[in-house]
Amino acid sequence: MLTRPPVKFIDRIARALPQIVVAPGFAAILYFVYGFIIWTGYISLTKSKMLPNYTLIGTRPYERLFQMDRWSVAIENLFIFGFLFVFVSVIVGCLLAVLLDQKIRAEGFIRTIYLYPMAISFIITGTAWKWIMNPSLGLEKVIRDWGWESFRFGWTVDNNLAIYALVMAAVWQASGFAMALFLSALRSVDQDIIKAASLDGASPWRIYLRIILPSMRPVFMSAMVILSHLAIKSFDLVVALTGGGPGYASTLPANFMYEMTFRRNEIAVGAASAMVMLATVAAIMVPYLYSELRGKKHV
Amino acid sequence: MSDAARYSAPRPWSALILRVLLWFVLIVFAIWFLLPAYVVVGTSLKDLDEIRGGSLLALPHELNFSAWRHAWSEACIGVECTGLKPYFWNSVSMALPGVVVSTLLGALTGYALTKWKFKGANLVFALILFGCFVPFQVVILPMAQTLGKIGITNTVYGLILVHSVYGLAFTTLFFRNYYVTIPDELVRAATIDGAGFFTIFHRIILPLSPPIIVVSVIWQFTQIWNDFLFGASFTTGGAQPITVAMNNLVNTTTGVKQYNVDMAAALITAAPTLLVYIFAGRYFVRGLTAGSVKG
């Protein structure tokens with residue numbers, strides 16, 4: 001009888017074991033993600049310059065942020081880059097997935113070629129494409145030597161074209177990923193419906209447009225959400241391919257944040273730009289994750 | 001029957017043309033994807049005269065590996081002319097512990113969240129999951145402060161901590177989605193037999209886990225190896241990971257620009273993750289799509 005209380009205590013620990021096991025990881029996430037978000041949010045309202053300073057000055061850093069031409073350029077670039085990157089990657093990925101779905105011999109081999117860019121760092125992608133787009137020794141010279149004298153491919157050094165150089169390299173890297181998503185979705189479409197439709201005399205073309213692609217709407221959604229969040233986070237590709245230049249013509253918000261925080265001693269403005277980026281990502285991801293998690297509960 | 005219906009509909013010659021067209025498009029895209037790899041490898045094997053005088057697309061005259069040697073052990077990065085070698089080992093000693101810690105913690109967390117559902121488990125998972133998508137710009141500043149306070153700024157240990165924490169969100173997602181598919185009855189039966197939390201994990205769950213462990217290890221290794229933002233933000237000089245060192249090598253060369261060395265450096269930096277991809281591509285793809293396809 002006397003031994004009961006300690007047993008109970010051990011029991012209680014045993015019962016709480018799942019929580020205890022989850023605790024360290026969850027605590028780390030709470031501190032390093034959510035705690036840090038609050039810290040950055042606070043700093044974005046202070047007069048921090050070179051070092052963090054905890055004196056609040058309200059929303060002035062945000063006002064400064066939105067008055068800076070460099071930031072407007074970064075936002076405008078993000079819209080162009082994000083839209084084209086997501087749109088072209090989804091189209092190319094979808095096209096490749098449908099083509100690979102045609103009982104192709106050596107499908108695995110071709111798939112490996114299409115997807116390998118996803119395994120390497122954006123820094124390497126940027127370095128490689130920068131060399132290809134080198135105005136004097138790159139592809140431009142090759143095509144000119146072939147006889148097309150006016151051909152220009154020096155996008156990375158052109159104010160108006162540098163952002164498209166980023167789109168090109170980013171699409172190169174990510175369209176294989178979109179293809180992999182679509183291909184696995186194509187393979188999970190109910191084969192009986194397709195068989196029934198083709199027995200009814202529907203052409204393969206019609207089957208794709210009317211039956212298969214519409215049934216893949218959730219995957220389109222996923223691909224677009226994941227790619228847009230990649231676009232907002234893009235940083236290394238810009239560093240390696242254009243350096244944000246010429247000038248700051250091809251800078252993106254992530255590069256702006258880094259520049260302000262580590263090079264220009266404008267910590268409060270850097271923090272404000274990070275908060276704007278977080279808000280943008282949250283606006284896209286939270287509804288998506290919410291619907292994904294809810295969907296799971298119903299299954 | 002269905003096959004007959006399918007193949008008798010289009011006339012043979014039009015089917016043939018379609019087939020040729022299909023292959024044409026597939027090959028054009030394959031060339032586009034392979035072009036940078038071909039150019040990088042080709043350039044790294046040429047000498048500078050050949051690069052300046054010849055065409056970007058021409059094959060190298062001979063297999064000349066001197067640029068590789070130079071990039072690996074002689075090229076100057078900042079003021080140190082050590083080549084990429086020390087930075088390569090920095091990345092290795094950062095990636096291995098980072099992979100192990102985040103995978104272990106992710107497995108335990110995913111197991112507890114699915115097989116021992118407690119009140120609030122779903123909220124905990126949702127909060128962890130959002131950690132996958134947070135733009136890291138929002139944590140860089142406080143992280144730099146925290147690393148400074150612990151005294152591990154500009155060390156590999158600092159980067160190990162950073163990658164373990166921010167990798168945890170992904171590994172938890174992988175293991176959670178995988179363990180959801182293991183029938184709860186297995187765990188319940190073992191509980192009735194008197195097995196506890198860790199016994200069940202060790203005896204029942206772990207033996208079923210190798211596929212998802214491989215996915216998690218490969219994903220984390222690729223992510224950590226390819227990271228640039230954290231490396232550039234928290235390290236300088238000799239503590240830099242290879243991606244940062246490679247970028248410095250390419251962008252700060254004074255004097256003659258050595259394109260062949262640049263390309264060799266890119267190749268050395270890409271080699272480990274490319275090898276992983278070539279030998280375990282299937283698992284790599286599974287990790288890639290896990291974040292977007294319902295578990």
Side-chain angles (χ1 to χ4, degrees), chain A residues 14 17-19 21-22 25-26 28-29 32-33 36-37 39-40 43 96 99 102 110 112-114 116 118-121 123-124 127-129 131-132 137-139 142 145 177 180-181 184 195 198-199 222 226 229 232-233 235-236 240 254 257 261 271 274 277-278 281 285 289 292-293 295-296, chain B residues 2 5-6 9 22 25-26 29-30 33-34 36 39-40 51 55-57 105 108-109 112-113 116 118 124 126-131 133-135 137-139 141-143 165 168-169 196-197 222 226 228-229 243 246-247 250 259 263 266 269-270 273-274 277 281 284-285 288-289 291-292 294:
Chain A
L17 208 49
Q19 282 104 314
V21 166
V22 170
F26 186 52
I29 297 273
F32 287 103
V33 174
F36 280 7
I37 289 175
W39 194 94
T40 303
I43 287 294
L96 292 179
L99 293 184
Q102 306 307 312
I110 299 176
T112 307
I113 292 175
Y114 289 174
Y116 86 91
M118 217 47 205
I120 62 179
S121 165
I123 284 288
I124 294 159
T127 307
W129 279 100
W131 171 231
I132 294 173
L137 293 172
L139 206 57
V142 174
D145 287 349
F177 162 66
L181 274 185
S184 71
K195 244 177 217 165
S198 70
L199 277 181
S222 298
I226 306 257
H229 125 272
I232 297 170
K233 284 162 100 171
F235 170 75
D236 7 12
M257 188 275 167
T261 310
M277 289 177 64
L278 174 69
V281 170
M285 292 312 297
L289 292 178
E292 287 273 281
L293 289 178
K296 255 174 217 166
Chain B
S2 68
R6 216 166 161 178
L22 172 74
V25 178
L26 285 177
F29 271 103
F33 281 112
L34 285 175
V39 167
V40 168
I51 291 172
S55 154
L56 181 77
L57 300 182
L105 259 183
L108 277 172
T109 311
L113 284 178
W116 299 80
F118 48 86
V124 168
L127 285 174
I128 293 178
L129 183 59
F130 185 65
F133 303 101
V134 163
Q137 279 70 26
V138 91
V139 300
L141 255 175
M143 197 67 190
V165 170
L168 180 62
F197 183 87
T222 314
N226 288 345
F228 178 78
L229 179 65
T243 46
M246 195 231 33
N247 186 56
V250 171
Y259 296 108
M263 292 305 121
T269 310
T273 51
L274 269 185
Y277 173 68
F284 174 79
V285 177
L288 211 54
T289 49
S292 46
K294 295 183 188 189

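What you are looking at is a predicted structure, and each value in this text was computed from that prediction instead of being measured. The figures that follow rest on heavy atoms only: side chains count, while hydrogens, waters and symmetry mates do not. Every chain is numbered from 1, with letters handed out A, B, ... down the list of sequences.
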Tell me, side chain or backbone of A:Thr112 under 4.5 Å from chain B's heavy atoms, or both, or neither? both
Looking at CE of A:Met118 and OH of B:Tyr277, how far apart are the two atoms once the value is rounded to the nearest 0.5 Å? 10.5 Å
Side chain to side chain donor-acceptor pair (under 3.5 Å) with B:Asn247: which residues, sequence neighbours excluded? B:Asn251
In terms of heavy-atom proximity below 4.5 Å to chain B, should A:Asp236 be classed as side chain, backbone, both, or neither? both
Who are the side-chain contact (heavy atoms from CB on, under 4.5 Å) partners of B:Ala30, not counting sequence neighbours? A:Ile113, A:Tyr114
Quick check on A:Leu139 against chain B: is it the side chain, the backbone, both or neither that has a heavy atom closer than 4.5 Å? both
Is there a donor-acceptor pair closer than 3.5 Å between any side-chain N or O of B:Thr273 and the backbone N or O of A:Ala119? yes
Would you mind reporting whether B:Val25 and A:Leu99 have side-chain heavy atoms less than 4.5 Å apart? yes
Taken to the nearest 0.5 Å, the spacing of B:Leu274 CG from A:Tyr116 OH works out to 8.0 Å
How about B:Val124 and A:Val22: do any of their side-chain heavy atoms sit closer than 4.5 Å? yes
Please round to the nearest 0.5 Å and tell me the distance separating atom CD1 of A:Ile132 and atom CG of B:Leu56. 6.5 Å
Would you mind reporting whether A:Phe26 and B:Leu127 have side-chain heavy atoms less than 4.5 Å apart? yes
Could you tell me whether the side chain of B:Ser55 and the main chain of A:Val142 form a donor-acceptor pair under 3.5 Å? no
